[in-house]
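Values below: all heavy atoms of this structure, side chains included; hydrogens, waters and symmetry mates excluded.
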Amino acid sequence: PVEDPSDLQTLSQKILASIYEGNSQADFYEIVFQGKDGKGVSASSLLDARRARVIESDLLKKSFEPDFTAFVAKDDKGLWLGLVLRLKPGETQLLTQDGVRSEIEGSPEASNLFLFSPGVLSGERFRDAAIAGKPVRILGFTSPGAELAYSWCNGTTLVVTTSEAALTKA
């Protein structure tokens, strides 16, 4: 497990150390974030710690379960962080998707979600794509493979990643 995500100077190193302590040959790793008290941290706390508020805390707390899944996908272009967020009971994609889209696509902190510098934006807007027939929104950066991508799965789960390839693996 990765300890306290509020340690901004070493969070990326802790994630990498966690990966390489296990099976460094794998191409997909689930990451468990824990606070100093040993309890899991919320997605909101993680995003705040990385200064990567791609979805503001209020929307996360209102619409999504506090428990989330974090992962790192590995390919020949790098290591890509991703989050899997589940809607709370009673919340629906239809009710939350506009708010989510507006926050992710309007976030000035999107590049902070990446483990390494993604470079600069390669375009000014998100583009539409599809993976396995599901709609995906993607914002490209100049570093090879670096893309902020997100998609809804099954109407109850939002996946946000730092690479289209990582989204495919999730």
Side-chain angles (χ1 to χ4, degrees), residues 1-34 41 43-56 60 64 68-86 97 100-154 157-170:
V2 177
E3 290 183 14
D4 194 354
S6 65
D7 184 356
L8 286 175
Q9 294 179 330
T10 62
L11 184 56
S12 289
Q13 288 99 352
K14 286 181 180 185
I15 291 170
L16 295 174
S18 176
I19 289 170
Y20 291 116
E21 283 175 7
N23 178 4
S24 63
Q25 300 305 310
D27 64 357
F28 193 86
Y29 307 87
E30 183 175 345
I31 306 294
V32 177
F33 290 96
Q34 294 178 340
V41 299
S44 177
S45 295
L46 174 64
L47 294 175
D48 286 348
R50 290 205 56 85
R51 294 185 182 153
R53 292 173 203 90
V54 291
I55 302 174
E56 289 296 329
L60 281 170
F64 293 91
F68 71 102
T69 301
F71 65 88
V72 172
K74 181 169 102 174
D75 65 16
D76 61 339
K77 295 178 183 164
L79 296 165
W80 311 107
L81 181 62
L83 305 174
V84 179
L85 306 164
R86 285 173 214 68
Q97 67 187 359
V100 165
R101 181 178 182 153
S102 141
E103 290 196 11
I104 292 176
E105 295 191 17
S107 174
E109 299 180 339
S111 64
N112 294 341
L113 190 60
F114 292 81
L115 294 174
F116 303 100
S117 173
V120 297
L121 290 174
S122 61
E124 292 185 27
R125 298 178 188 220
F126 278 77
R127 64 179 168 82
D128 291 316
I131 295 175
K134 296 189 186 307
V136 178
R137 298 281 292 162
I138 298 171
L139 180 64
F141 289 83
T142 55
S143 291
E147 299 165 309
L148 183 62
Y150 70 96
S151 181
W152 287 93
C153 301
N154 305 322
T157 304
L158 176 67
V159 181
V160 181
T161 72
T162 54
S163 165
E164 182 179 358
L167 189 59
T168 302
K169 291 180 181 183

Residues in salt bridge (charged side-chain N to carboxylate O under 4.0 Å, His left out) with [X], at least two apart?
X: Arg137; answer: Glu105, Asp128
X: Lys169; answer: Asp27
X: Asp76; answer: none

- [ ] Give a yes or no answer on whether the side chain of Thr157 reaches the backbone of Arg86 with a donor-acceptor pair at less than 3.5 Å.
- [x]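 It does not hold such a pair.
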[X]: what forms a side-chain hydrogen bond (donor to acceptor under 3.5 Å, both in side chains) with it, not counting sequence neighbours?
X: Arg101; result: none
X: Asp75; result: Trp80
X: Glu30; result: none
X: Arg53; result: Asp48, Glu109

Do you know the tightest heavy-atom contact between [X] and [Y]?
X: Leu148; Y: Ala110; result: CD2-CB, 3.5 Å
X: Ala146; Y: Pro118; result: CB-CB, 3.7 Å
X: Phe28; Y: Ala73; result: CD1-CB, 4.1 Å

Task: Charged N-O contact under 4.0 Å between Arg127 and Glu147 - done: yes
Kindly compute the distance separating [atom1] ([X]) from [atom2] ([Y]), expressed to the nearest 0.5 Å.
X: Ser163; Y: Lys74; atom1: OG; atom2: NZ; result: 14.0 Å
X: Leu85; Y: Phe64; atom1: CG; atom2: CZ; result: 5.5 Å
X: Ile138; Y: Ile131; atom1: CD1; atom2: CD1; result: 5.5 Å
X: Ile55; Y: Leu83; atom1: CD1; atom2: CG; result: 8.0 Å
X: Leu139; Y: Glu124; atom1: CG; atom2: CD; result: 10.0 Å
X: Ser111; Y: Arg51; atom1: OG; atom2: CZ; result: 12.5 Å

Just so I know, are the side chains of [X] and [Y] near enough to count as touching, which here means a heavy-atom distance under 4.5 Å?
X: Leu113; Y: Leu47; result: yes
X: Phe33; Y: Ile15; result: yes
X: Leu115; Y: Thr162; result: no

Task: Residue pair Phe68, Leu60: steps toward the side-chain contact (heavy atoms from CB on, under 4.5 Å) verdict - done: CA-CA 11 Å; Phe68 71 102; Leu60 281 170; over 6 Å; no
Task: Summary of ring-ring contact (aromatic ring centres under 6.0 Å, His included) pairs that have at least one residue in residues 117-144, sequence neighbours excluded - done: Phe114-Phe141, Phe126-Tyr150
Open item on the list: Applying side chain to side chain contact (heavy atoms under 4.5 Å, CB included), can you list everything that pairs with Thr142, at least two apart in sequence or on another chain?
Closed with: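 Per chain and number, Thr142 pairs via side chain to side chain contact (heavy atoms under 4.5 Å, CB included) with Val120, Ser122.
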TODO: Kindly write out the residues that satisfy ring-ring contact (aromatic ring centres under 6.0 Å, His included) with Phe116, not counting sequence neighbours, or none if the list is empty.
DONE: none
